[in-house]
Amino acid sequence: MSNFKIFNSYTREKELFKSIVPGYAGMYVCGPTVSGESHLGHARPYITFDVVNRYLLHLGYRVRYVRNITDAGHFEEEGREAEDKVSDKAKLERLEPMELVQKYTNLFHWGMRLFNTIEPSIEPTATGHIIEQISMIEKIINEGYAYEVNGSVYFDVKKYAQTYPYGKLSGRVLDDLLETTRELEGQDEKRNKTDFALWKSAPPQHIMRWKSPWGEGFPGWHIECSAMSAKYLGDVFDIHGGGMDLQFPHHESEIAQSTIAHGHAPVRYWMHNNMITINGKKMGKSYNNVIKLTELFSGQHPLLEQPYHPMVVRFYILQTHYRSTLDFSNEALQAAEKGLKRLWEAYETLKQLTGSTASDKTLDSRVQQMIATLDDCMNDDLNTAQVIATLFELVPIVNGIKGGQIAKEALSITTLDLLNKAFKAYLEDILGLQSIQETQGDKLDRAMSVLIDIRKDARKRKDWTASDEIRNKLAAFGIILKDEKDGNMSYTIE
RNA sequence: GGUCGGGUGGCCGAGUGGCUAGGCAGAGCUCUGCAAAAGCUCGUACAGCGGUUCGAAUCCGCUCUCGACCUCCA
């Protein structure tokens, strides 16, 4: 039994995680709508829940991680849609929705791979589950909580709220919502403005359409998650994750639909990550301030001073608690880059160290204590920021032993072994980080050792001109030589 | 307007009723042929005003301020 505590958005409390089926954990995360390129904001939930997934695996759970691809709805591509909607165009010239879906799904996968996220166990698409969605809607109609108007089906929120705690997840009060003055399109069909669509009748020019008992149309935007999570994880499952902006109305609607269709609430633990902001504003299409992943990695964006490695972005995200907003800035990303490099180099150094007699008992036990707190950090609602801070505290100890400021035999073999395992487990397995150094080919290594040997000779002869020349010329194209205490040399590539 | 959540040192960011967060930047020192790296030391922060308390940045109230959601959104 683990001590993993999760902040449950539904109860607004940290709760001990206990899976429904011992040893197994089911997690559903709202995936991307593949009608456009993924951006930095999207990176946050998928990296956050990747860490949840990884931590559950680390704790020994067998995890079924389901993350959908939303590929149904209203699709258009910027600059293309105006003409593409004209239906008499030749097939090849016309917007083909599945073409867009394919393109952006591929791009999304590319980004996720670079972020070193573990693939979900199942990645269901909305279009692949139309039948499941229709039958769920039928159930809801049969229960008397949905009604059909002109080929569209709406969920009766007012009726639902009479019996069930509608608004509990997102902290809404139905009466307040009913009073909202905002006027929206298509409201006339609904009995109340809080009702939401389960199925939408497709206008003639709408390209994506399916047959249904209510005529041709397409599913409403909440039903896919309910239908697919139930299919692959069951009527009630452990964790449902997503961005805070989905809490209302998306997740609130999911709860309502599923509760009627299955007779009980669908989710045990709701988890919501906070937003990435840029100049204090949420990054999002409507704010016109998005930095796409392709731009982030290439540096091709007016707001970017340089390209950022995917691992730097991942590290930067994990340095903040997932429920806090995270403000983007070049400065912050650059700080993350330097920090990650330092941390990773210490990790590499650590692998070379050999333990001894624990000549410094105080230090030895302090290191063991610090290692022990790593689990506590993760167990406390996934405090990756504190995990990273703790690892950083261990860095001067590792470097100190290497640099001679701390006695070589200071740590015991046991402690050093624990330290190695902790770095491996946390850095690689749980936080999912990787080295950002280019993988150095064997041949480069050998060529470098030739240069290093020549330079060592030069230094022995006190031929500083030659030795500096080698170092400076290498530095000019980004290979940095470091002279170490013991006369050894190492190199890093910038 | 309604609901909710923030305001932490130059920047980014944890956390907490009394005990060092951490990173980046900066200053000084040690090491070094020089440099880089590394190590050590340093700034002593918690929006403002009241209140509770032996003690609050951490609890309560008010004020200012920023944001999120209420519409597609990660």
Side-chain angles (χ1 to χ4, degrees), chain A residues 12 29-33 35-36 38-49 70 73-74 167 170-173 175-177 179-185 193-194 221 241-250 252 272-277 280-287 290 315-316 319-321 323-343 345-346 349 377 380 383-393 395-406 459 462-464 467-468 471-472 475 480-485 489-492:
Chain A
R12 283 147 215 261
V29 173
C30 288
T33 301
S35 61
S38 306
H39 59 76
L40 175 58
H42 295 123
R44 176 102 104 141
Y46 307 128
I47 288 173
T48 298
F49 292 105
T70 298
H74 188 59
S170 56
R172 309 285 138 149
V173 178
D175 289 341
D176 293 346
L177 292 170
E179 277 168 25
T180 310
T181 50
R182 191 189 289 271
E183 282 305 323
L184 295 165
E185 272 180 60
K193 60 180 68 166
T194 50
W221 57 292
M244 267 183 185
D245 49 352
L246 296 181
Q247 211 165 339
F248 188 89
H250 186 57
E252 197 71 61
H272 294 278
N273 63 275
N274 214 134
M275 302 290 102
I276 288 183
T277 59
K281 280 256 187 297
K282 175 185 163 185
M283 186 176 289
K285 240 181 186 170
S286 37
Y287 296 102
V290 301
F315 185 68
Y316 156 78
Q319 254 185 312
T320 305
H321 186 86
R323 284 193 288 115
S324 300
T325 53
L326 170 56
D327 197 52
F328 164 87
S329 73
N330 282 283
E331 238 184 326
L333 247 347
Q334 283 158 15
E337 181 174 326
K338 285 185 184 159
L340 177 56
K341 277 184 180 163
R342 195 165 106 89
L343 194 53
E345 274 173 37
T349 301
C377 300
D380 185 15
N383 198 333
T384 55
Q386 202 135 55
V387 167
I388 290 170
T390 306
L391 292 174
F392 266 119
E393 282 193 80
V395 166
I397 296 168
V398 170
N399 286 336
I401 291 172
K402 189 198 183 195
Q405 294 91 348
I406 295 172
R459 293 187 72 212
K462 296 200 188 299
D463 181 353
W464 308 127
S467 97
D468 284 355
R471 189 175 64 199
N472 295 340
I480 309 299
L481 282 183
K482 292 175 195 167
D483 298 338
E484 285 164 12
K485 272 261 166 150
M489 276 174 222
S490 63
Y491 72 96
T492 54

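Naming: A, B, ... by sequence-line order, numbering from 1 per chain.
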- Message: For E345(A), is there an ion pair with K482(A) - N to carboxylate O distance below 4.0 angstrom?
- Response: yes
Just call it for [X]: base, sugar-phosphate, or nothing, with non-hydrogen atoms closer than 4.0 Å on any strand.
{"X": "N472(A)", "value": "nothing"}
{"X": "L343(A)", "value": "nothing"}
{"X": "I276(A)", "value": "base"}
{"X": "G280(A)", "value": "sugar-phosphate"}
{"X": "M275(A)", "value": "base"}

- Task: Could you pick out which residue, N399(A) or S329(A), lies toward the 5' side of RNA chain B when each is mapped onto its nearest nucleotide?
- Result: S329(A)
- Query: Taking the nucleotide of RNA chain B with the closest heavy atom to each, which residue, P396(A) or S324(A), is nearer the 5' end?
  - Reply: S324(A)
With [atom1] as the reference atom in both, quote the distance from [N] to [M] in angstrom, rounded to an integer.
{"N": "U30(B)", "M": "C11(B)", "atom1": "P", "value": "31 Å"}
{"N": "C54(B)", "M": "A45(B)", "atom1": "P", "value": "25 Å"}
{"N": "G26(B)", "M": "G43(B)", "atom1": "C1'", "value": "10 Å"}

[N], OP1 or OP2 - any side-chain N/O from [X] closer than 4.0 Å?
{"X": "N383(A)", "N": "A14(B)", "value": "no"}
{"X": "S170(A)", "N": "C70(B)", "value": "no"}
{"X": "Y287(A)", "N": "A68(B)", "value": "yes"}
{"X": "K281(A)", "N": "C66(B)", "value": "no"}

- Under 5.5 Å between ring centres and under 30° between planes: does that hold for Y46(A) against the base of A74(B)? no
Is there any protein nitrogen or oxygen under 3.5 Å from a nitrogen or oxygen in nucleotides 42-47 of chain B, and what are the pairs?
none

- Does any donor-acceptor pair link the side chain of N330(A) with the base of C12(B) at a separation under 3.5 Å? no
- Message: Does R12(A) contact C4(B) through a side-chain donor or acceptor facing the base, at a distance under 3.5 Å?
- Response: no
Nearest to side-chain heavy atoms of [X], which nucleotide of [options]:
{"X": "Q319(A)", "options": "G33(B), G13(B), G23(B)", "result": "G23(B)"}
{"X": "D245(A)", "options": "G39(B), G2(B), C73(B)", "result": "C73(B)"}
{"X": "T320(A)", "options": "A36(B), A14(B), A74(B)", "result": "A14(B)"}
{"X": "Q386(A)", "options": "G15(B), U71(B), A38(B)", "result": "G15(B)"}
{"X": "H39(A)", "options": "A74(B), C34(B), C70(B)", "result": "A74(B)"}
{"X": "A385(A)", "options": "G33(B), G2(B), A14(B)", "result": "A14(B)"}
{"X": "K482(A)", "options": "G33(B), A36(B), C73(B)", "result": "A36(B)"}
{"X": "V395(A)", "options": "G39(B), G33(B), A74(B)", "result": "G39(B)"}
{"X": "H321(A)", "options": "A74(B), G15(B), C73(B)", "result": "G15(B)"}

- With sequence neighbours excluded, what pairs up with H321(A) under the ring pair (Phe, Tyr, Trp, His ring centres under 6.0 Å) test? none
Atom pair [atom1]/[atom2] of [X] and [Y] - distance to nearest 0.5 Å:
{"X": "N274(A)", "Y": "R44(A)", "atom1": "CG", "atom2": "CZ", "value": "6.0 Å"}
{"X": "S35(A)", "Y": "K285(A)", "atom1": "OG", "atom2": "NZ", "value": "5.0 Å"}
{"X": "M283(A)", "Y": "T277(A)", "atom1": "CE", "atom2": "OG1", "value": "8.0 Å"}

- Message: Is the ring pair H39(A)/H42(A) parallel, tilted or perpendicular, if the boundaries are 30 and 60 degrees?
- Response: tilted
- Query: With under 30° as parallel and over 60° as perpendicular, where do the rings of F315(A) and F392(A) fit, or are they tilted in between?
  - Reply: perpendicular
Heteroatom pairs (N/O) under 3.5 angstrom, protein to nucleotides 24-28 of chain B:
residue : atom : partner : partner atom : Å
C24(B)  : OP1  : R342(A) : NE           : 3.4
A25(B)  : OP1  : K338(A) : NZ           : 3.2

- Message: Under 3.5 Å for both pairing distances: what stems, at least three Watson-Crick or G-U pairs long, include RNA chain B?
- Response: B:1-7 with B:64-70, B:10-12 with B:22-24, B:26-30 with B:38-42, B:47-51 with B:59-63
- Note on the structure: side-chain contact (heavy atoms from CB on, under 4.5 Å) filter on E252(A), not counting sequence neighbours, yields Y166(A), L169(A), S170(A), F248(A)
- Message: Nearest whole Å is fine: how far is C72(B) C1' from L246(A) CG?
- Response: 10 Å
- Task: Specify the closest pair of heavy atoms between Y46(A) and G31(A), including all atoms of both residues, with the distance to one decimal.
- Result: OH-C, 3.0 Å
In a table with atom names and distances, give each donor-acceptor pair under 3.5 Å that connects a side chain of residues 332-341 of chain A to protein atoms at least two apart or in another chain.
residue : atom : partner : partner atom : Å
Q334(A) : NE2  : E305(A) : OE1          : 3.1
Q334(A) : NE2  : Q306(A) : OE1          : 3.3
Q334(A) : NE2  : Y308(A) : OH           : 3.3
E337(A) : OE1  : Q306(A) : NE2          : 3.1

